[in-house]
Amino acid sequence: MPIPQKMSGVVLADHGGPEMLEWRDDLPVPTPGRADVVVKVGAAAVNNTDINTRLAWYSKGAAKADDATWSGKPLTFPRVQGADICGQIVAVGQDIDPSRIGERVLIEPCLREADGAALDRAWYIGSECDGGFAQYTKVAARHAYAINSDLTDVELASFPCSYSTAENMLTRAKVCKGDRVLVTGASGGVGSAAVQLAQARGAEVIAVTSAAKAEALTRLGAVQTLDRGDDFVAIVGAGCIDVVIDLVAGPSWPVLLDLLRPGGRYAVAGAIGGAMVELDVRTLYLKDLSFFGCTVLEPEVFGNLIGRIERKEIAPLVAQIHLLADIGVAQKAFGEKGYIGKIVLKVD
C-alpha cells in the first residue's frame, strides 16, 4: 500500500503534565535515510521512560531541564515519544536490502546509530528522536529486529523496553544457573520481566512486591516473595543473596547490600522509591561488592531477547490495552500501579 505523507499521533509539546500530550493529524510521515527503515507501528507500550521524560525527572536540577534525557542532552519539541514498538517495515533507505519491506519487527529502544551516523552516547527512541506514539516511525535498520512469533502486535510491544532493560541487568551482573537473585519492584514492567528472565537462566528468584501481587509473581517463577514492609534480613538472612536487581532504591536501600553475600553483585536501572540513598562505603569494599548502573544495552542483549521470545522461554504480560488517542487514560492507569506487566497502546 502507498505510504501517506501525513499521519496521526501524539506529540509531547513540552515538559510538564499530561496536558502536554497533544493529538495531531498533520504529522509528517518520516522518510528513511540511507541506512534507515520506516516502520508502520502496530502497537506501542507505556513505560517509565515516557513519564520521566515528560516530567523532566532525569534532570538533576537544571532550571531549563536541559539535561532531562537519557543522554543528558536537551529534548527538542514537539517530540513523538514511545520506546516500546512493534510494527512492519514499509520503506527502506538506499543502503538497505528492499527485501526487508514487509518484515515484522521489534525496535531496539537503545540506539547506537541515528541519522546515518554512529552515536558517541546512546539515544533512546522516543526521547532523543521520535518514537512509536504515531502511525509511522523511522529507525536505523540495525535496530529493527525481525521477529518470527505467533504473538499479536500488542503482546510483542510489551517486550522491548522492559525486557531488554531486565535482560541487560542480568547480563551485566552475570546471572547464571544456581544464583539466588532478589528483584525489587517485581510487579512492574522491568521487575516482572527480570523475574521471568532470571528464572529462564536457572536462577532462584525472590521477588519484592505487595501482598496482593505475591501469588502472580510466584506463577511467574519466583520461589519466594517479600512484602515491601518486611524485615528482609530477618526473613532471608544476611549475606545470602548473590545478585540484587534493583528498580526502587529509596530509604531502605542499605538493607539490599546487607543481603548480598561477599562478592555479590548489585545492578540498578531505576529509583522509583527515591534517587538519593545512603551508602556505607565500608560495606562496599569489605564485602568486595560489584555495582552495575544499567542504561545502555550491551550489544548482544536485544538479539538474545528476540531469541527467548521466539523460543517461548518468556511470556508477554499485558495488563491493559488502550487506543493511542487515550494515552492520557493509559498513563494515569500506569501511575496508579494497580496491575502486573505492561499497558499497551494500539496504534494501527
Side-chain angles (χ1 to χ4, degrees), residues 37 39-47 49 82-89 100 102-112 124-126 131-132 137 139-172 175-177 181 183 186-203 205 216-217 219-222 245 269 294 296-321 339-348:
V37 296
V39 174
K40 189 175 191 293
V41 180
V46 177
N47 60 64
T49 298
D84 282 303
I85 305 166
C86 177
Q88 184 179 47
I89 294 176
R100 293 205 64 184
E103 278 185 3
R104 195 183 190 202
V105 295
L106 288 181
I107 294 180
E108 182 179 20
C110 182
L111 307 181
R112 295 174 180 270
Y124 252 66
I125 193 165
T137 192
V139 71
R142 63 184 281 193
H143 293 300
Y145 282 70
I147 180 81
N148 181 17
S149 172
D150 57 6
L151 296 174
T152 66
D153 286 356
V154 164
E155 290 171 322
L156 288 172
S158 69
F159 286 116
C161 193
S162 293
Y163 281 74
S164 65
T165 298
E167 179 71 7
N168 193 49
M169 296 173 80
L170 299 171
T171 299
R172 295 284 306 280
V175 171
C176 58
K177 184 177 181 179
V181 178
V183 179
S187 64
V190 179
S192 57
V195 171
Q196 285 195 73
L197 289 163
Q199 194 271 342
R201 289 171 177 245
V205 183
L217 270 299
R219 290 197 298 269
L220 286 181
I245 300 296
C294 303
V296 177
L297 302 184
E298 294 296 314
E300 71 272 22
V301 163
F302 205 75
N304 290 344
L305 177 62
I306 294 291
R308 293 191 186 277
I309 296 169
E310 293 182 334
R311 294 190 298 271
K312 300 185 178 182
E313 296 175 2
I314 52 179
L317 292 171
V318 178
Q320 296 181 26
I321 303 171
Y339 61 91
I340 294 176
K342 296 286 287 190
I343 293 175
V344 183
L345 301 168
K346 291 182 71 173
V347 178
D348 182 16

Item to complete: Please round to the nearest 0.5 Å and tell me the distance separating atom OG of S164 and atom CD1 of I107.
Response: 12.5 Å
Response to the item:
Across all chains, not counting sequence neighbours, the side chain to side chain donor-acceptor pair (under 3.5 Å) partners of K346 are none
Fill in: Residues in side chain to side chain donor-acceptor pair (under 3.5 Å) contact with K177, at least two apart in sequence or another chain
none
Worksheet item: Got a salt bridge between K40 and D153, using NZ or NE/NH1/NH2 to carboxylate O under 4.0 Å?
Response: no
Worksheet, complete the sentence: Scanning both residues in full, the closest heavy-atom pair of C161 with Y124 reads SG-CE2, 4.1 Å
Worksheet item: When rounded to the nearest 0.5 angstrom, what is the spacing between CG in L305 and CD in E300?
Response: 12.0 Å
Item to complete: Please assess V205 against L217 for the test side-chain contact (heavy atoms from CB on, under 4.5 Å), listing each intermediate value before the final yes or no.
Response: CA-CA 10 Å; V205 183; L217 270 299; over 6 Å; no
Worksheet item: Does any pair with a residue in residues 156-165 pass salt bridge (charged side-chain N to carboxylate O under 4.0 Å, His left out), and if so which ones, sequence neighbours excluded?
Response: none
Practice prompt. Can you run down the side-chain hydrogen bond (donor to acceptor under 3.5 Å, both in side chains) pairs that involve residues 192-203, sequence neighbours left out, and say none if there aren't any?
Written response: Y163-Q196, E167-R201, T171-R201
Worksheet item: Backbone N or O of G132 within a donor-acceptor pair of the T137 side chain at under 3.5 Å?
Response: no
Fill in: Separation of L156 CG from D84 CG (nearest 0.5 Å)
11.5 Å
Fill in: Set of residues satisfying side chain to side chain donor-acceptor pair (under 3.5 Å) with respect to R172, sequence neighbours excluded
none
Worksheet item: Who passes side chain to side chain donor-acceptor pair (under 3.5 Å) against E310, sequence neighbours left out?
Response: none
Discussion item. Among L170, T165, N168, which residue satisfies the side chain to side chain contact (heavy atoms under 4.5 Å, CB included) criterion with V301?
Written reply: N168
Discussion item. Holding to side chain to side chain contact (heavy atoms under 4.5 Å, CB included), I want the full list of residues that pass it with S162, two or more places apart in sequence or in another chain.
Written reply: V190, K342
Fill in: Sequence-distant partners of E103, side chain to side chain contact (heavy atoms under 4.5 Å, CB included), two or more places apart
I89, R100, V105, A146
Worksheet entry | Heavy-atom pair with the smallest gap, counting every atom of I125 and G131 | CG1-CA, 3.7 Å
Discussion item. With side chain to side chain contact (heavy atoms under 4.5 Å, CB included) as the test, pick out the partner of L106 among I309, V39, I85.
Written reply: I309
Item to complete: Return the set of residues passing ring-ring contact (aromatic ring centres under 6.0 Å, His included) with Y145 (not counting sequence neighbours), or none when no residue passes.
Response: F302
Worksheet item: How would you list, by chain and number, every residue that makes a side chain to side chain contact (heavy atoms under 4.5 Å, CB included) with R142, sequence neighbours excluded?
Response: R112, E113, A140
Discussion item. Just to verify, what does A157 make a side chain to side chain contact (heavy atoms under 4.5 Å, CB included) with, not counting sequence neighbours?
Written reply: A43, C86, V344
Item to complete: Of all the heavy-atom pairs spanning A194 and A166, show the shortest one and how long it is.
Response: N-CB, 3.6 Å
Worksheet item: So, for A83 and P109, which heavy atoms are closest and what is the spacing to 0.1 Å?
Response: O-CB, 3.6 Å
Practice prompt. Check V347 against A44 and note the closest heavy-atom contact, atom names and distance.
Written response: CG2-N, 4.0 Å
Worksheet, complete the sentence: Smallest heavy-atom separation, G191 atom then V183 atom, equals O-CG1, 3.8 Å
